[in-house]
Amino acid sequence: MQAGVLVLAAGRGERLGESRPKAHVEIGGRSVLAHSALALARARCISHVLPVVGPGAEEVLTALRLEWAGPAQLLDAVRGGATRQQSVAHGLDALVARAPELDWVLVHDAARCLVKPEDAERVLRAALASGAALPVIAVTDTLKEVSDGRVLKTPDRANFKRALTPQAFRIDLLREALEQAERDGFEGTDCSSLVERLGAVVVTCEGRAENVKLTTPQDLERMRDQLAPGIPSQRRVLA
Ligand code: C5P
């Protein structure tokens with residue numbers, strides 16, 4: 001079973017506070033987008049990798065092409081949209097046009113640049129029966145529902161999970177979910193939420209807590225420790 005993967009790298013990532021989009025930030029001389037794309041390309045189940053990028057990504061894409069080792073095929077990048085969901089829709093249209101033989105797609109946030117090939121394999125395996133799957137991890141903090149600075153309730157955290165990517169879908173199911181969301185004016189922060197709205201079954205598989213999303217400067221420092229160990233932080237900042 002083979003799938004294409006959309007690597008979502010558009011959007012600015014304001015919370016990171018960098019002058020360039022967060023998927024363009026370099027860690028150990030390689031962009032965040034490239035870390036994600038190259039890791040996913042090593043998964044046996046991935047046949048095509050399609051980056052979805054914002055403006056100004058030319059240099060990052062050239063570097064990615066030069067470093068490309070496969071075995072998956074790197075497709076030409078497409079321009080993302082104003083929201084993550086629009087970026088997914090643009091990417092999926094392009095994937096279907098360029099690799100019409102595929103039945104399955106994975107959607108991955110490039111910002112989760114500690115992703116491993118086995119994350120792709122595990123989630124696709126989980127999706128085979130139902131058509132949709134995502135990796136989740138346990139919530140370890142106590143949760144509070146808060147409004148206007150006052151606690152409304154303390155839900156049982158055992159019922160809650162944190163959603164990661166890559167998420168896996170049958171292409172026709174994700175297309176239907178995107179179309180329905182657009183008709184309803186619904187904007188989701190992940191793809192699973194769109195498929196859930198159709199009433200379809202989405203199954204979960206065990207995620208890896210290390211597969212964090214680059215969001216804050218502290219995340220970036222931790223990722224540099226993992227992906228570029230031994231380079232003093234002063235030099236890493238200059239690199
Ligand atoms: O902003 P956030 O971290 O939630 O974005 C998740 C992922 O979606 C990131 O990898 C980002 O590059 C991507 N994204 C996108 N198009 C947008 C907004 C975000 O591809 N318009």
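Just so it is clear, the values below take in all heavy atoms, side chains as well, and ignore hydrogens, waters and symmetry mates. In listed order, ligands and their atoms are each counted from 1. Numbers here are sequence positions counted from 1.
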Trainee: Which ligand 1 atoms, with their elements, are less than 4.0 angstrom from a heavy-atom of T83?
Mentor: 16 (N), 17 (C), 21 (N)
Trainee: Has G81 got any heavy atom lying under 4.0 angstrom from an atom of ligand 1?
Mentor: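 True for this residue.
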Trainee: Enumerate the atoms of ligand 1 whose separation from the nearest heavy atom of A82 is less than 4.0 angstrom.
Mentor: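 Checking each atom against A82, I get 21 (N).
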Trainee: Determine whether more than 12 heavy atoms belonging to other residues, nucleotides or ligands lie under 6.0 Å from atom CZ of R183.
Mentor: yes
Trainee: Purely on distance, is any nitrogen or oxygen of A111 under 3.5 Å from one on ligand 1?
Mentor: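 Yes; the residue has a nitrogen or oxygen that sits under 3.5 Å from a nitrogen or oxygen of the ligand.
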Trainee: Counting only heavy atoms not in E182 (residues, nucleotides, ligands), do more than 12 fall under 6.0 Å from its CD?
Mentor: no
Trainee: Please say whether L8 places an N or O atom under 3.5 Å from an N or O atom belonging to ligand 1.
Mentor: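 Yes, there is a polar N/O contact under 3.5 Å.
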Trainee: For A10 and ligand 1, does the shortest N/O to N/O distance drop below 3.5 Å?
Mentor: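 N/O-N/O distance under 3.5 Å: yes.
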Trainee: Out of R42, R112, R208, which one pairs with D119 under the salt bridge (charged side-chain N to carboxylate O under 4.0 Å, His left out) rule?
Mentor: R208
Trainee: Considering the heavy atoms of S87, write down every atom of ligand 1 situated less than 4.0 Å from one of them.
Mentor: 15 (C), 16 (N), 17 (C), 20 (O), 21 (N)
Trainee: List the steps and the verdict of side chain to side chain contact (heavy atoms under 4.5 Å, CB included) for L134 and L164.
Mentor: CA-CA 7 Å; L134 80 156; L164 312 182; over 6 Å; no
Trainee: Does ligand 1 have any atom sitting under 4.0 Å from a heavy atom of R12?
Mentor: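 False for this residue.
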Trainee: Take a 6.0 Å sphere around CZ of R162 and say whether it holds more than 12 heavy atoms from other residues, nucleotides or ligands.
Mentor: no
Trainee: Quick check on contacts: which atoms of ligand 1 are under 4.0 angstrom from a heavy atom of A9?
Mentor: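 In order of number, 12 (O), 20 (O).
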Trainee: Go through the steps for D190 and R84 under the test salt bridge (charged side-chain N to carboxylate O under 4.0 Å, His left out), then give the verdict.
Mentor: CA-CA 8 Å; D190 75 348; R84 182 189 188 279; over 6 Å; no
Trainee: Among I171, D172, L178, which one satisfies side chain to side chain contact (heavy atoms under 4.5 Å, CB included) with R175?
Mentor: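 For R175, the side chain to side chain contact (heavy atoms under 4.5 Å, CB included) test succeeds with only one of I171, D172, L178, which is I171.
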Trainee: Nearest 0.5 Å, please: how far is CE in M1 from CH2 in W104?
Mentor: 6.5 Å
Trainee: For ligand 1, is T215 a contact, meaning one of its heavy atoms is under 4.0 Å away?
Mentor: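 For ligand 1, residue contact (heavy atoms, under 4.0 Å) with T215 is absent.
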Trainee: For atom 3 (O) of ligand 1, find the nearest protein heavy atom and state the residue, atom name and distance (0.1 Å precision).
Mentor: K22 NZ, 2.8 Å
Trainee: Compute the minimum heavy-atom distance from G80 to ligand 1 and say whether it is under 4.0 Å.
Mentor: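 Outside the 4.0 Å threshold, so no.
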Trainee: Determine whether the side chain, the backbone, both or neither of P21 has a heavy atom under 4.0 Å from any heavy atom of ligand 1.
Mentor: neither
Trainee: Write out the residue and atom name of the closest protein heavy atom to atom 1 (O) of ligand 1, then the distance separating them to 0.1 Å.
Mentor: R15 NH2, 4.0 Å
Trainee: Which atom pair, heavy atoms only, marks the closest approach of A94 to V78?
Mentor: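 Reported closest heavy-atom pair: CB-CG1, 3.4 Å.
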Trainee: Go through ligand 1 atom by atom and flag the ones less than 4.0 Å from a non-hydrogen atom of D109.
Mentor: 6 (C), 7 (C), 8 (O), 10 (O)
Trainee: Measure from atom 4 (O) of ligand 1 to every heavy atom in R112, K213, R84 and give the option owning the shortest one.
Mentor: K213
Trainee: Say you draw a straight line from CD of E179 to CG of L174; how long is it, rounded to the nearest 0.5 Å?
Mentor: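 Output value for this atom pair is 10.0 Å.
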